[in-house]
Amino acid sequence: MQHAVRLPLTAASTGTQWFLTPRQCLVAAVVTSTLLAGCASRNERAPVTDLSSSSAAGSVSSATGSYVVRPGDTLYKIAQAHGMDVNSLIQLNQITDPSMLRVGQTLRLDSNTSMAATTSRPVSSGGTQTSPVSPATPVKTETPVSAPRASDAALIAWGWPASGKIIQGFNASTKGIDIEGKVGDPVVAAADGKIMYAGNGVRGLGSMVLVGHSNGFITAYAHNSTLHVKTGQQVTKGQRIADLGQSDTTSPRLHFEIRRSGTPVNPISYLPTR
């Protein structure tokens with residue numbers, strides 16, 4: 001008959017000793033391991049999830065498929081709803097004028113979706129009919145003819161977007177005016193509003209900013225060298241939104257437009273006399 005070998009175990013708090021058989025030691029080891037494993041699983045950290053907005057510039061969009069434009073839609077609204085940035089939406093759909101969408105137009109949300117051509121009436125990104133922003137055709141310097149004050153000019157407190165002289169007046173082709181300046185001169189918001197677009201995705205207009213205002217007005221600022229605002233940002237009259245530049249044009253200038261319900265109007269009829 002074999003005698004059981006007893007192993008001593010001392011309680012640290014009392015100094016009392018117990019003697020355990022090898023079988024009891026094995027059972028104790030198993031129980032202790034199980035308890036330690038349970039504690040370890042309870043102390044594991046929960047995974048951290050990045051909840052930052054996916055609409056920031058340069059973000060990778062997870063949107064797929066296509067979207068059909070409805071009345072009242074804007075590029076900013078569509079991009080936000082599908083977790084992508086406006087510039088990506090413009091490039092995917094080869095949009096030449098960020099202020100214009102067409103009701104019924106099908107927009108691609110990813111590069112794997114083919115473009116579907118649709119025939120529909122144009123609407124501005126504010127939901128009203130509009131015509132596209134056109135790159136200014138280089139012409140010789142001219143002194144613009146003064147224009148009568150518009151009847152709705154007082155609806156907004158307007159201010160000049162740049163301090164230089166006008167080198168190109170408003171007509172059906174230019175749809176705005178060109179203001180002379182030096183590269184780096186400040187370009188400021190002509191009135192309070194919200195940035196609808198800020199980028200260089202429109203060929204022929206360089207780095208451009210679109211600002212949406214109250215009463216259906218939109219202003220456009222093109223050929224900038226540096227942009228100081230982002231899409232969706234609120235701005236105030238006189239706030240610096242860009243630096244004047246020479247992007248996609250023959251000389252340093254600001255191409256400036258005012259639109260009312262999507263229709264280009266003569267800025268001289270709205271801006272204060274100077």
Side-chain angles (χ1 to χ4, degrees), residues 49-135 175-176 193-214 216-224 227 229-235 241-242 247-248 255 257 259-264:
T49 303
D50 183 6
L51 297 178
S52 59
S53 173
S54 60
S55 63
S59 62
V60 178
S61 170
S62 59
T64 58
S66 60
Y67 176 82
V68 178
V69 177
R70 305 180 219 174
D73 274 342
T74 68
L75 286 174
Y76 177 69
K77 178 180 176 181
I78 296 169
Q80 286 287 94
H82 293 88
M84 60 194 303
D85 63 88
V86 177
N87 285 334
S88 295
L89 191 60
I90 288 173
Q91 292 170 8
L92 279 170
N93 295 279
Q94 301 175 9
I95 295 173
T96 57
D97 180 2
S99 69
M100 186 186 75
L101 290 177
R102 297 188 304 275
V103 172
Q105 176 182 359
T106 300
L107 298 179
R108 303 166 68 199
L109 301 179
D110 69 282
S111 58
N112 295 323
T113 302
S114 60
M115 296 188 72
T118 59
T119 302
S120 48
R121 62 187 179 91
V123 298
S124 74
S125 57
T128 54
Q129 295 187 11
T130 185
S131 55
V133 176
S134 301
K175 298 181 174 63
K194 184 177 183 179
I195 304 299
M196 298 168 56
Y197 173 79
N200 58 1
V202 183
R203 186 177 302 173
L205 292 170
S207 295
M208 184 175 71
V209 176
L210 292 177
V211 182
H213 309 282
S214 59
F217 283 100
I218 296 174
T219 51
Y221 313 73
H223 303 310
N224 303 291
L227 304 182
V229 290
K230 296 180 179 180
T231 302
Q233 179 179 336
Q234 294 286 344
V235 294
I241 58 175
S247 55
D248 288 347
H255 177 68
E257 297 184 16
R259 297 186 178 202
R260 179 77 199 277
S261 299
T263 302

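Computed from a predicted model, the values in this text were never measured in an experiment.
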Which heavy-atom pair separates [X] from [Y] by the least distance, and what is that distance?
| X | Y | result |
| --- | --- | --- |
| H255 | L205 | CD2-CD2, 4.4 Å |
| L227 | A242 | CD2-CB, 3.9 Å |
| N112 | D110 | N-OD2, 2.9 Å |
| A220 | L210 | CB-CD2, 3.4 Å |

Donor-acceptor contact below 3.5 Å, side chain [X] vs main chain [Y]:
| X | Y | value |
| --- | --- | --- |
| S247 | N224 | yes |
| D248 | G204 | yes |
| N200 | G206 | no |
| H213 | I218 | no |

Verdict with reasoning, V68 to L107, per side chain to side chain contact (heavy atoms under 4.5 Å, CB included):
CA-CA 6 Å; V68 178; L107 298 179; over 6 Å; no

What residue among I241, V211, I195 forms side chain to side chain contact (heavy atoms under 4.5 Å, CB included) with Q233?
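Testing each of I241, V211, I195 against Q233, the sole residue satisfying side chain to side chain contact (heavy atoms under 4.5 Å, CB included) is I195.
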
How far does CG of L92 sit from CE of M84, to the nearest 0.5 angstrom?
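So the CG of L92 and the CE of M84 are separated by 5.0 Å.
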
